[in-house]
Amino acid sequence: MGMQSVAVACGALALCLALSTATNPGFVVRITQAGLDYAQEQGIAILEKELAQLKLPDFSGKSGELHYSLSRLHIPTFRLPHSRITPVPNVGLQVSISNASVELNGDCLVKFLFIRGPGSFDLKVENISIKFILRLGSDTTGRPTISTSDCSARASKVGLRFSGKLAWLYNTFKKTATSLLHNHLETTVCDNVAKSVQNKLQKQVQTMPVTVRIDNKTGINYSLVAPPRATAQSLDADLKGEFYSLAHRSSVPFSPLPLAFPSDHERMVYFGASSYFFNTAGIAYHEAGALVFEITEAMIPKEARFSLDTSIFSAFIPQLEEKYPNMPMKFRLSAPTAPFLTIGPGGISFQPIVDIQAYAILPNSSLAPLFLLSLTGNVSAVINVRSGRIVGSLDVGRIRLSLKDSAVGTFQVQFLQSIMNILTSNVLLPHLNARLDEGFPLPLLDRIQLSNILVRFHQNFLLLGADVRFQPRG
Ligand SMILES: *[C@@H]1O[C@H](CO)[C@@H](O)[C@H](O)[C@H]1NC(C)=O
Ligand SMILES: *[C@@H]1O[C@H](CO)[C@@H](O)[C@H](O)[C@H]1NC(C)=O
Ligand SMILES: *[C@@H]1O[C@H](CO)[C@@H](O)[C@H](O)[C@H]1NC(C)=O
Ligand SMILES: *[C@@H]1O[C@H](CO)[C@@H](O)[C@H](O)[C@H]1NC(C)=O
Ligand SMILES: *[C@@H]1O[C@H](CO)[C@@H](O)[C@H](O)[C@H]1NC(C)=O
Ligand SMILES: *[C@@H]1O[C@H](CO)[C@@H](O)[C@H](O)[C@H]1NC(C)=O
């Protein structure tokens, strides 16, 4: 290979790598056939209700010498008994409705030469089949877009009946009217489908939160990084899935890893929350200055039966007793770097490092730095989903301490082990777990509730499965 072709190959490889890493999502939403079936049921129920309330405009026309006008049009029934939504790989979702039927009645008025007179009509169209494709895309803000294509509508039976004194006259143009209806069916139905999708469905999918503010420090970016993708079994949406600090915007120093989604399909919806998603949370909270926590006397639970003052350390840090006798203390916990976790089939593995600066609180309230400890330990996490939010709780195994700095002479940190165990398990963890229990919102459309939750760990991501319930308004 010549120099030039090596350069070209490297360039192409670099480009491919850049392209492939740029498109990895931090968060994936998968809707399975079971989810599409539920969406279809809900959609059809809403559609039937809406069609039953459809107000049709008065209508007039001319056929040869015959002038006619229709008024007080009313739809007593509109049935959509069989319908199905299926994904069509790389195209979108196919919606097919079969054996639908509609009845329509109203008043009519005809004028033919010198004869004119009122009457009424009943129209029954049966065995209507409608098919169309929902095409999904994403707009520049990362929101989903939805439109229709390839619409077709046919009916095998159109029945038209007139009544009134001039029924004989009406019946003379019944054939014309029937074929007119037949011919207009497709455009009428398809235009209405396109309009409803535009006005209703598009509006509903636009309620998908692209960025969600979580608290006054961070938000999550859930914008689509690519148009939703139909596969043979599901509809997948690749989302950015990135936490950001509201105050400090900076780019994340690592990229999302590829997520190998399993072929599970029992639940209606699956969420893949990558390690990237959780690690950007760590960065965002670290940048927002939120990973700081102070422990004071008042926060020590009574059961711990010790008070946070210099006398408890006097036995093993003699200098402390000499310099700051019987003074209250305070610990300031902070993360020197953003915490970083990895996710594998065995669960979440996480060894955060916490700096603990101890202070004596002097009589004039100023703080005298005593010593700086570094604490680490294996943290295990339990994750769940509640009220549409990812919630969690942490537990820590044996903590490991080291002394980083001291203004009161060196000492054996093992002596602090039991006090630090108490502070970790009785003060720090409850505080963290209270926050994690509030959770972080999943990207859900309005009025969607989740049930039958499944939580599983895979390489680089957490798989959450759920069934969905749509909560009607009101
Ligand atoms: C189609 O609908 C009609 C009523 O409109 C019903 O009588 C018929 O059984 C249905 N056919 C099928 C195959 O479901
Ligand atoms: C209903 O329509 C379908 C397809 O449009 C057709 O195959 C079927 O024969 C029709 N059924 C009746 C009873 O007309
Ligand atoms: C941020 O929220 C916390 C609690 O949620 C509250 O105590 C604090 O005052 C808020 N800060 C600002 C600047 O709004
Ligand atoms: C969210 O991510 C998208 C895609 O990377 C980006 O265009 C958008 O600016 C981000 N929004 C926020 C609020 O960070
Ligand atoms: C508080 O007292 C200490 C020692 O008693 C002294 O060094 C320090 O300057 C005082 N601080 C203030 C703010 O008065
Ligand atoms: C954390 O877990 C790893 C592997 O599971 C082990 O090697 C290490 O000693 C543990 N650390 C602590 C502080 O328990």
Side-chain angles (χ1 to χ4, degrees), residues 15-36 39 85-93 133-147 201-202 204-212 219-244 251-252 254-265 267-281 283-284 343 385 388 390 440-445 448 450 454 456-466 468:
L15 185 64
C16 289
L17 288 175
L19 287 177
S20 63
T21 54
T23 50
N24 275 341
F27 200 98
V28 175
V29 180
R30 164 168 291 182
I31 304 171
T32 62
Q33 185 64 58
L36 293 173
I85 303 178
T86 43
V88 181
N90 302 319
V91 175
L93 298 173
I133 298 277
L134 289 175
R135 285 187 186 270
L136 299 147
S138 59
D139 68 12
T140 53
T141 67
R143 281 196 176 77
T145 58
I146 191 160
S147 61
L201 212 51
Q202 169 77 4
Q204 173 77 14
V205 297
Q206 289 268 318
T207 67
M208 194 189 108
V210 168
T211 54
V212 194
I220 305 177
N221 191 337
Y222 275 135
S223 60
L224 283 163
V225 295
R229 201 174 54 250
T231 71
Q233 282 93 32
S234 64
L235 182 70
D236 292 357
D238 288 352
L239 311 181
K240 189 163 177 113
E242 182 182 294
F243 280 72
Y244 57 91
S251 57
V252 179
F254 44 81
S255 303
L257 296 166
L259 311 186
F261 240 72
S263 57
D264 296 32
H265 57 265
R267 299 294 197 279
M268 293 180 186
V269 62
Y270 289 92
F271 301 97
S274 67
S275 46
Y276 178 84
F277 174 77
F278 294 105
N279 286 327
T280 58
I283 291 180
I343 303 178
V385 172
I390 302 182
F440 302 99
L442 288 166
L444 293 172
L445 297 179
I448 292 286
L450 302 179
L454 163 147
R456 263 198 218 128
F457 295 101
H458 288 269
Q459 196 58 44
N460 305 331
F461 72 104
L462 176 68
L463 181 74
L464 304 168
V468 161

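We're numbering straight along the sequence, starting at 1. Values reported hereafter were calculated over all heavy atoms of this structure, with side chains retained and with hydrogens, waters and symmetry mates removed.
The two residues Tyr276 and Lys240 have their closest heavy-atom pair at CE2-O, 4.1 Å. Closest approach of Pro227 and Ser138 over heavy atoms only: N-OG, 3.8 Å. The two atoms that bring Gly272 and Phe461 nearest to each other are CA-CD1, 3.9 Å, heavy atoms only. In plain terms, the two heavy atoms of Gly137 and Pro228 that are nearest each other are O-CD, 3.4 Å. Residues Ala230 and Pro87 come closest through the heavy atom pair CB-CB, 4.2 Å. The heavy-atom pair separating Thr141 from Asp139 by the smallest distance is OG1-OD1, 2.7 Å.
For the side-chain contact (heavy atoms from CB on, under 4.5 Å) test, residues two or more places apart in sequence or in another chain that qualify with Ser147 are Arg135.
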Output a table of donor-acceptor pairs, distance under 3.5 Å, between side-chain atoms of residues 258-265 and any protein atom two or more places apart or on a different chain; print 'none' if there are none.
| from | atom 1 | to | atom 2 | distance (Å) |
| --- | --- | --- | --- | --- |
| Asp264 | OD2 | Arg456 | NH1 | 2.7 |
| His265 | ND1 | Ser263 | O | 3.2 |

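For CD of Gln33, the number of neighbouring non-hydrogen atoms (other residues, nucleotides, ligands) closer than 6.0 Å is greater than 12.
Remark: Gln204 CD to Ile146 CD1 distance equals 10.0 Å, nearest 0.5 Å. Rounding to the nearest 0.5 Å places OG of Ser274 at 13.5 Å from NE2 of His458. Within the model, atoms OH of Tyr244 and CD1 of Ile283 stand 15.5 Å from one another, a figure rounded to the nearest 0.5 Å. Rounding to the nearest 0.5 Å places CD of Gln202 at 11.0 Å from CG of Leu134. For the atom pair OG1 (Thr280) and CG (Asn221), the distance works out to 9.5 Å, reported to the nearest 0.5 Å. In this structure, the separation between CG on Leu201 and CD on Gln206 is 11.0 Å, given to the nearest 0.5 Å.
Contact check for Pro144 versus Leu136: no side-chain heavy atoms found under the 4.5 Å cut-off. Side-chain contact between Phe271 and Leu463 is absent, with no heavy-atom pair separated by less than 4.5 Å.
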Show your reasoning for whether side-chain contact (heavy atoms from CB on, under 4.5 Å) applies to Phe457 and Leu462.
-> CA-CA 5 Å; Phe457 295 101; Leu462 176 68; 3.3 Å; yes
What's the verdict on side-chain contact (heavy atoms from CB on, under 4.5 Å) for Leu36 and Ile31, showing C-alpha distance, side-chain angles and the deciding distance?
-> CA-CA 7 Å; Leu36 293 173; Ile31 304 171; 4.0 Å; yes
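Between Val269 and the options Leu450, Leu444, Thr32, Leu442, a side chain to side chain contact (heavy atoms under 4.5 Å, CB included) holds for only Leu450. Applying the side chain to side chain contact (heavy atoms under 4.5 Å, CB included) test between Phe277 and each of Ile220, Leu239, Val28 identifies Ile220 as the sole match.
Using modelled atom types, no side-chain atom of Asp238 and backbone atom of Pro25 make a donor-acceptor pair closer than 3.5 Å.
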